[in-house]
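The block underneath contains the structure these notes are about, expressed in structure tokens.
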There are 2 protein chains.
Amino acid sequence: MLLTDRQVLILQVIVDDFIRSAQPIGSRSLSKKEEITFSSATIRNEMADLEDLGFIEKTHTSSGRIPSEKGYRYYVDNLLLPQKLNHSDMAAIKSLFAERIYELEKIVQKSAKILSEMTNYTSIVLGPAVKDNRLKKLQIVPLNKDTAIAIIVTDTGHVENRMFHFPTSVDPSDVEKMVNILNERLAGVPLTNLNSKLYKEIAVLLRQHISSYDTLLNSIADTLNLPSHEKVFFGGKTNILSQPEFNDVDKIRRLMNMIEQEDGLYQLIRKNPAGINIKIGTENDNSAMENCSLITATYSMGAEKLGTIAVLGPTRMEYSRVISLLQLISTDLSKVLTELYQNK
Amino acid sequence: MLLTDRQVLILQVIVDDFIRSAQPIGSRSLSKKEEITFSSATIRNEMADLEDLGFIEKTHTSSGRIPSEKGYRYYVDNLLLPQKLNHSDMAAIKSLFAERIYELEKIVQKSAKILSEMTNYTSIVLGPAVKDNRLKKLQIVPLNKDTAIAIIVTDTGHVENRMFHFPTSVDPSDVEKMVNILNERLAGVPLTNLNSKLYKEIAVLLRQHISSYDTLLNSIADTLNLPSHEKVFFGGKTNILSQPEFNDVDKIRRLMNMIEQEDGLYQLIRKNPAGINIKIGTENDNSAMENCSLITATYSMGAEKLGTIAVLGPTRMEYSRVISLLQLISTDLSKVLTELYQNK
DNA sequence: ATTAGCACTCGTTCTTATAGAGTGCTAACA
DNA sequence: TGTTAGCACTCTATAAGAACGAGTGCTAAT
């Protein structure tokens, strides 16, 4: 099972070449590479062994070889040399993060965009997660006699709003009183705990001060049910379609469907732990992703993980380059977010 | 140029059949239809005339005929009998609008979804336009010593927010004072006029009351620059890909690109006047839409046009059904929105 | 252990043949 | 004069066969 140096060399050249050309590679053309010093016959023997071991495969009986998933896995785990990004790439990223953008979502969205442009693959960014945010302020803006907007602002500046109706019997001054009580008691509480805290501690308090408190309370409680999902942002949704592996109408349909569904992708990306993660082909456990690899990186604010940034490309992806880019962007993103919001 | 009754009948049958089958139709199979009482030779003669007039065309020298764009146009303008929707369709729409949803955007989004599901085409919904809304309330929530969130609520319950920074030298009580002044003076003003009014009338006022008013003023003015674009919602983005006319990888790529770009589509849809509008193929002036038709309908709140709801399908679209659905949904949508928000 | 040589396999491309759907035209018919 | 039957012709789609070339696996020589 341990590969000889020569086998490793051959595997490396095959993967590198296939990533560039998308064409199966045969013993003769391999033997012409400068790093290869032995004959095509020797290569054929080694290739047969590599195939037996499952690292490469043929597309048909007498074709050249292409990397198998196991081959990509070996390549990614052992042969990946961290590629130096060129200066123009570095500069583009630096200038992105040098811009003074204040909205969290906008920064994240821009990152997705630039990532897809630089890789020519599809980028997906999750987050930032709001469920760990803390309530900064709750406000209620009446629209007319029975409708109002409830607005929630979190400590990171995220704003959620919900419209609700209430009986016309409710006294406007009661609404104001309630908002005051809620702000006093709920400021600084993590969003996920709002509802339980509301019913456990505050209901009692409200009952003492407000006449028709129960209808109002239910409206508010409903409003505080925030979306549990992080938002999903995309960059270059159609980029991946220009890859030669998607020259098949059916594959395109299945992949586009999966991308549009969002939920499958979301689940796929979300479960990845901190740092860089690489999932190759069927490792993604999703039939539409058979020919795709997904590379994810997490970004954070201070010590707290905020979200995930990912690249979706063919298994024949430029792993080295994508990883370097993801690494750079995710750390820069974390740095900017930390600077911007951590000094509370 | 005027068609005989028989020619009209033949055209109608050809279009109807092609919409169903997506296959060119020949004189022999036409002659077997029950509404056709004359022979295939007669049909051949009539077809030749219809082709000379530009209403139908051949895919190759000895193929059957398919409708041309001009043929579809004639069909749409003259032959379309308003189709009765079946009960389950009606029921689905009714139940959609019977739900008590209060958020404008959510209602609109749901409409897009149901429309794409019922037609199996792609639906696109613009709006609702916020630029004609009036300011209900402006609020500022400080996050920390130099950052705050400005929140704008409109009379229809639309909420916009923007984060901004200000010098630490600014006095918090000044901020509060300013917000009070702005609310007094700007409530009820259409969003598009906010900025000019701010500089023309209110700057003077602020100068009298607030010490470092100019830095604050600029931050606020920036915040009031709302997005001019209506939002674009989609339903069934990939539905149209399952149409047989998109069995070509290149066509798929071009169309998906155009859909993802959003801006092109937005322009295409926006310029349509009130009511139902049908644009067939090249009438859309967009190369990616060559094989597509776009049907739009506007929806409104009271007398005020709010947005547009549209269906994108192949030129070989079920015009009659789509038009009926659009008509029903757009009027129901208008009705619900009017009821919900008009009673200010 | 390495390599040259060779028979063999399979995909690609081109050609050729065939069947089938449909047309346009002509001539006969009511 | 409008309608129709008949027929030669055109073009597509499909299959089958041939030639080519890239590549393999195996054997024997180095």
Side-chain angles (χ1 to χ4, degrees), chain A residues 2-11 13-15 17-18 20-68 71 244-245 247-249, chain B residues 2-11 13-15 17-18 20-68 71 244-245 247-249:
Chain A
L2 242 168
L3 300 184
T4 66
D5 284 358
R6 195 164 66 188
Q7 287 173 325
V8 171
L9 174 62
I10 289 176
L11 179 57
V13 175
I14 290 177
V15 177
D17 194 81
F18 188 68
R20 256 196 324 98
S21 71
Q23 295 298 326
I25 180 164
S27 55
R28 210 177 116 74
S29 40
L30 248 192
S31 72
K32 286 190 186 142
K33 303 254 167 188
E34 53 180 43
E35 55 268 62
I36 304 290
T37 55
F38 28 92
S39 77
S40 64
T42 311
I43 295 172
R44 279 201 288 283
N45 291 331
E46 296 285 28
M47 276 176 151
D49 291 347
L50 279 171
E51 184 171 7
D52 285 344
L53 293 169
F55 290 100
I56 56 180
E57 52 195 33
K58 290 188 263 196
T59 58
H60 58 86
T61 334
S62 69
S63 78
R65 304 304 212 289
I66 63 171
S68 67
E245 23 272 281
N247 250 331
D248 172 16
V249 180
Chain B
L2 243 168
L3 300 183
T4 65
D5 284 357
R6 196 164 66 188
Q7 287 173 326
V8 171
L9 174 62
I10 289 176
L11 179 58
V13 175
I14 290 177
V15 177
D17 195 80
F18 188 67
R20 256 195 326 94
S21 71
Q23 296 296 327
I25 181 163
S27 56
R28 212 178 113 75
S29 39
L30 248 191
S31 72
K32 287 190 186 139
K33 303 256 168 188
E34 52 180 43
E35 55 267 62
I36 303 290
T37 54
F38 29 91
S39 78
S40 63
T42 311
I43 295 173
R44 279 201 288 286
N45 290 330
E46 296 285 27
M47 276 176 152
D49 291 347
L50 279 172
E51 186 172 4
D52 285 344
L53 293 169
F55 290 100
I56 57 180
E57 51 196 33
K58 290 189 263 194
T59 59
H60 57 86
T61 334
S62 69
S63 78
R65 304 304 211 290
I66 62 172
S68 67
E245 22 272 279
N247 250 332
D248 172 14
V249 180

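A quick note: this is a predicted structure, and the numbers were derived from the prediction, not measured.
The distance between atom CE of B:M47 and atom P of C:dG24, rounded to the nearest whole Å, is 9 Å. At whole-Å resolution of the value, CZ in B:R28 and C1' in D:dG6 are 13 Å apart. Look at CD1 on A:I25: it is 15 Å from C1' on D:dT24, rounded to the nearest Å. Taking atom CD of residue B:Q23 and atom C1' of nucleotide D:dA13, one finds them 13 Å apart after rounding to whole Å. In this structure, A:N45 atom CG and C:dT3 atom P are separated by 10 Å, rounded to whole Å. One atom, CD1 of B:I43, and another, P of C:dC25, lie 17 Å apart when rounded to the nearest Å. Rounded to an integer number of Å, the gap from A:D52 CG to D:dC26 P is 10 Å. Here D:dA13 presents its P atom at 6 Å from NE2 of B:H60, a figure rounded to the nearest Å.
Side chain of B:A48, nearest nucleotide from D:dG25, D:dC11, C:dG24: C:dG24. Distance from the side chain of B:E51 is smallest to C:dG24 among C:dT3, C:dG24, C:dG22. Closest approach to the B:R44 side chain among C:dG5, D:dC11, C:dG24 is made by C:dG24 (side chain taken as heavy atoms from C-beta onward).
Counting heavy atoms from C-beta on, the side chains of A:I56 and A:V15 never come closer than 4.5 Å.
Between B:T61 and D:dT10 there is no side-chain N or O to OP1 or OP2 distance below 4.0 Å. Close to C:dA21, at under 4.0 Å from its OP1 or OP2, lies no side-chain N or O of B:K58. Taking 4.0 angstrom as the limit, B:S62 places none of its side-chain polar atoms (N or O) nearer than this to OP1 or OP2 of C:dT23. Here B:R65 reaches the OP1 or OP2 of C:dG24: one of its side-chain N or O atoms lies under 4.0 Å away. Residue A:S27 places at least one side-chain N or O closer than 4.0 Å to OP1 or OP2 of D:dT24. Remark: A:R6 is in phosphate contact with C:dT2, judged by side-chain N or O atoms under 4.0 Å from OP1 or OP2. Distances shorter than 4.0 Å separate some side-chain N or O of A:S39 from OP1 or OP2 on C:dT3.
Ranked by how close their nearest DNA chain C nucleotide is to the 5' end, B:A41 and B:G64 are led by B:G64. In this structure, B:T59 and B:E46 both approach DNA chain D, and ranking their closest nucleotides by distance from the 5' end singles out B:E46.
Proximity of a side-chain donor or acceptor of A:S68 to a complementary backbone N or O of A:G54 within less than 3.5 Å is detected. Put simply, the side chain of A:S21 gets close to the backbone of A:D17: a donor and an acceptor are under 3.5 Å apart.
Considering A:S27, A:S31, A:S39 in turn, A:S27 is the only one that fulfils the side chain to side chain donor-acceptor pair (under 3.5 Å) rule with A:R44.
Rounding to the nearest 0.5 angstrom, the gap separating the CE atom in B:M47 from the CG atom in B:L50 is 8.0 Å.
Between B:E51 and B:E57, the closest heavy-atom pair is OE2-CA, 4.3 Å.
Within the 4.0 angstrom heavy-atom criterion, base atoms lie near B:T42.
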